[in-house]
Asks: 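Structure incoming, see below.
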Amino acid sequence: MTTHYDHAQVQEFWQYVWERDDVYALDADATDPTYVLGMFPYTSGTLHMGHVRNYAITDAYSRYRRMRGDDVLHPMGWDAFGLPAENAAFDRGTDPESWTQACIRRMREELETMGFGYDWSREITTCEPEYYRWNQWLFKRLYEAGLVEYEAATVNWCPDCETVLADAQVVDREDERSESSDQASGEAASSHGDRVCWRCKTPVGRRELDQWFFTITDYAAELHEGLDDLEGWPEGVREIQRNWIGRQEGARITFDVAGYSGAGGGGDGDADRTVDVFSTRPETIYGATYLAVSPGHDLARALAEDDDAVADYIATVREQDPDRVGFSGVETDATAVHPLTGAELPVYVAGYVLEDVGTGAVMGVPGHNERDHSFAREHDLPIERVIVPDADDNGGSGTETVEGSPYTGAGVLEHSGEYDGLESGVAGERIVADHDALADDVTYRLRDWLISRQRYWGTPIPMVHCDECGRVPVSDENLPVELPEFVRTTGNPLDAAEEWTETTCPDCGGPARRETDTMDTFVDSSWYYLRFLSPALADAPFETEVANDWLPIDLYVGGDEHASLHLLYTRFFTKALADLDLIERREPIRELVSQGTVLYDGEKMSSSKGNVVTPEEYGAETTRLFVLSAAHPEQDFEWTANNVRGAYDLQQTLYRMATAFVEEGDARVERRDHDEYVAREIDRTIAAVTAEYDRYRFHRAATEIRELARLLRRYREYDRPHGDVYRRGLLTLAALIAPMAPHLGEELWNKLRGDGLAVEADWPEPDHDASQYRLERRLIDRTLEDVRDIVGVADIDDPERIELIVAPDWKYRAAELASRTDSGDDGSDPVDSVVDAVLADESVAAPDPSRVAAFAGELVGRDGWDGEEGRSADRELAILDRASWLVTDEFDAAVTVRRATGDDAQAAKARPGKPAIRIS
Ligand SMILES: [Zn+2]
Ligand SMILES: [Zn+2]
């Protein structure tokens with residue numbers, strides 16, 4: 001007889017059975033499956049603990065929903081394009097394709113070893129032409145819809161990776177440091193402003209290149225507003241997106257600009273120029289002492305044509321890291337007219353004004369803006385105060401000047417013409433309303449999505465460049481534009497692929513060159529969830545009808561590092577596809593779980609820190625059970641051998657219990673009171689675990705399972721167990737743990753002769769109504785605690801008799817009435833009305849009015865009855881009766897449970913939910 005659970009053997013066997021029976025394939029008739037998705041992994045070649053945690057969560061939830069009777073779509077695929085594969089191939093003298101496919105084989109094997117239940121018939125791989133042709137197809141649809149732009153842009157350039165980086169891929173070196181250690185702030189400060197490549201940590205430079213963009217900014221307002229409705233998303237993720245989108249309310253202010261050769265209608269017909277600025281504080285407009293435009297602004301470009309100083313400045317600043325530009329700037333010959341005062345203001349080109357923020361131009365208000373103040377000090381511009389702090393708010397400070405530092409708070413206007421004396425908020429509104437040059441406006445910090453990458457291992461952008469026709473899309477029939485063979489070169493291998501780049505123009509048939517930029521791999525992941533719906537479809541990326549029926553993703557799980565990029569891009573793509581009439585939904589994800597980090601010695605596990613624990617070390621099931629039971633999915637937790645041991649021991653315990661029951665078969669037939677208790681506790685555990693799974697609280701489900709196992713062991717030690725009750729308890733444990741530890745669940749299920757496979761079994765149902773399980777448990781737990789307290793306080797060594805006395809009916813009635821009574825609604829005394837109602841109810845046999853009044857007086861206005869419908873003396877008596885064996889077992893005393901009678905002095909203390917206790 002073996003009572004040791006050999007997980008390796010068990011895993012192999014059940015994995016074979018599951019595959020043989022194809023248990024994870026989505027039913028072909030499914031009409032609206034529950035869609036559970038983990039963020040697909042980047043194909044690095046090995047699973048780390050973050051993956052294991054992520055996929056253990058989706059797997060447990062998928063299995064739970066399947067047992068609940070849902071059709072479940074739980075697919076897996078590979079985020080297979082990207083620079084690391086190209087680098088690895090370069091280093092190893094292979095090619096990215098072979099390298100990536102080898103990584104995929106290894107990772108798929110690891111996932112299968114873990115026993116994760118995927119519908120592998122839906123596997124997708126983004127680096128395969130069958131997938132990326134649809135990136136190209138969708139690019140073309142976005143292009144046709146005007147959502148693609150090709151523009152010269154100053155971009156972040158990593159000299160080491162030789163590629164452009166999105167803003168989000170440029171990080172402060174400081175952040176990198178503070179993440180890995182808490183160094184002295186002095187050192188951190190000295191490195192402030194170092195902007196480095198997220199991947200290789202090389203300082204990032206600037207370059208000007210023609211680039212492809214998706215105009216995600218067209219959707220800024222909708223992306224921002226939609227966040228409020230994403231109730232299934234963590235607030236933290238929504239807040240990160242809000243900040244990333246950066247909505248700002250303010251005013252657009254138009255300045256006339258004159259005084260240079262391009263303006264004034266003289267020369268070659270160039271009309272008077274105006275420059276718009278955006279300000280969140282239009283009330284400061286009287287404090288504007290200059291106008292500044294970014295080096296990329298149209299006006300700057302126009303001025304540079306005739307002004308070498310301007311041209312030189314622009315050239316210098318555009319190659320610089322924005323953080324090094326500081327408050328440099330160059331004064332131009334142009335002047336701007338203040339729209340309210342008519343004053344002439346100097347116009348500067350200044351690097352601190354960013355091209356793609358707001359309008360790319362600012363009115364300089366040095367008295368009330370930090371950055372403008374710094375600029376004005378550097379260039380000796382006037383600093384004027386037009387708002388003073390409200391004297392009532394902070395006495396005396398109104399006399400301070402703004403020369404030393406700007407005043408950025410609210411206050412009262414001065415030197416502002418007719419608006420003097422007005423409170424700043426009111427003044428701002430009025431100034432905007434009174435003048436045509438100002439209008440309410442909203443801007444967003446969000447920038448367009450730069451998708452061009454000058455690298456090989458990505459989706460070729462399906463465009464050609466023709467000298468005659470310009471940029472022309474490749475026709476749909478000629479998709480996919482497949483990657484040419486990989487060549488080792490320092491630059492972009494696609495530029496080196498001469499034969500590949502030479503093509504003919506789809507429009508004129510003349511010679512043309514292919515676009516050699518490839519797409520940011522975030523394009524691949526922006527819509528992959530749709531490809532899983534119809535992965536083999538040959539004439540479209542996905543089936544619209546299926547998408548309309550099956551979306552949204554019911555549960556999406558991944559790390560919160562994806563809050564601002566992947567999750568924003570996915571939302572954008574979905575909205576764009578909806579506007580292309582390809583799908584109906586505009587938000588793809590209903591519930592999002594942002595899983596926490598697995599720590600080791602307080603640090604994130606990572607191969608660079610050498611603190612990686614691989615799943616094989618402890619076996620698949622122990623690892624899964626541990627990562628799920630250690631904490632709520634969204635919390636970080638520490639990997640400790642001791643806690644892993646706990647997960648291991650639980651499996652062994654359950655296995656031993658099932659084995660012993662099956663092999664010893666020592667059971668009773670007639671039912672006793674305490675069997676009823678165990679039967680009810682099985683029901684209560686089912687209800688509790690179900691509620692926890694519904695909310696992804698696997699750690700609490702695991703605790704419930706442990707508790708039930710403990711109870712069953714105690715039950716078996718107390719008395720010979722009732723056969724049906726005990727077997728049902730063990731089968732319930734097998735079913736409840738199966739989503740988290742499927743191999744163990746299957747093994748227990750099989751040993752106990754459950755019907756069919758556990759993976760396909762029905763989720764257990766309570767035999768009796770268990771909806772009040774919390775209330776019932778509280779009554780039992782509190783009563784046990786009270787008995788322990790009394791025994792302890794009275795120092796009773798060996799109690800012989802313990803009596804539990806349930807309160808009389810009238811007290812339950814009084815408590816129920818009191819909980820419903822709102823004091824003073826109709827002027828009547830709430831205590832009186834409770835007393836009257838209790839006395840009028842003959843069924844509860846109330847005693848004399850003074851006792852009822854005294855009790856009612858204690859109750860009215862107190863909480864404690866909420867949600868406790870159905871509480872009654874009869875029920876509590878029955879619950880305590882069934883639980884009395886626990887008291888007997890713990891104190892080895894005779895236990896009686898009874899109702900309060902007559903003028904019993906002990907019974908007078910009994911209350912609903914709290915029986916009186918007598919110990920002798
Ligand atoms: Zn780099
Ligand atoms: Zn052409």
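Computed over heavy atoms, backbone and side chain alike; hydrogens, waters and symmetry mates excluded. Order of appearance sets the numbers: ligands from 1, and atoms from 1 within every ligand. One is the number of the first residue; the rest follow in order along the sequence.
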Asks: Taking the Zn ion (ligand 1) as the center, what protein N, O or S atoms are found at less than 2.8 Å?
Replies: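 Near the Zn ion (ligand 1), the protein supplies C158 SG, C161 SG, C197 SG, C200 SG.
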Asks: Give the ring-plane orientation class for W449 versus F573, where under 30° counts as parallel, over 60° as perpendicular and anything between as tilted.
Replies: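 The arrangement is perpendicular - the two ring planes meet at more than 60°.
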Asks: Charged N to carboxylate O under 4.0 angstrom, E499 versus R514?
Replies: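 Between R514 and E499 there is no salt bridge, as every charged N stays at least 4.0 Å from the carboxylate O atoms.
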Asks: Is it true that D476 and K140 make a salt bridge, defined as a side-chain N closer than 4.0 Å to a carboxylate O?
Replies: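 Looking at D476 and K140, the cut-off is met.
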Asks: If the threshold is 4.0 Å, N to carboxylate O, is there a salt bridge linking K575 and D218?
Replies: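 Salt bridge absent between K575 and D218.
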Asks: If the plane angle is over 60° it's perpendicular, under 30° parallel, otherwise tilted; pick one for F214 and F139.
Replies: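 Geometry flag for F139 against F214: tilted rings.
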Asks: Hey, what's the ring geometry for H465 with Y150, parallel, tilted or perpendicular (30° and 60° as the breaks)?
Replies: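 The rings of H465 and Y150 sit tilted, inter-plane angle from 30° to 60°.
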Asks: Please verify the inter-ring angle class for Y55 with F116; under 30° counts as parallel, over 60° as perpendicular, anything in between as tilted.
Replies: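 Because their plane-to-plane angle is over 60°, the rings of Y55 and F116 count as perpendicular.
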Asks: Under 2.8 Å from the Zn ion (ligand 2), how many protein N/O/S atoms do you get? Just the number, please.
Replies: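 Protein N, O or S neighbours of the Zn ion (ligand 2) under 2.8 Å, waters not counted, come to 4.
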Asks: Please say which of Y528, Y118, W78 ends up in a ring-ring contact (aromatic ring centres under 6.0 Å, His included) with F40.
Replies: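 That would be Y528.
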Asks: Under a 4.0 Å threshold between the charged nitrogen and the carboxylate oxygen, would R471 count as salt-bridged to E515?
Replies: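 Salt bridge between E515 and R471, a charged N being under 4.0 Å from a carboxylate O: no.
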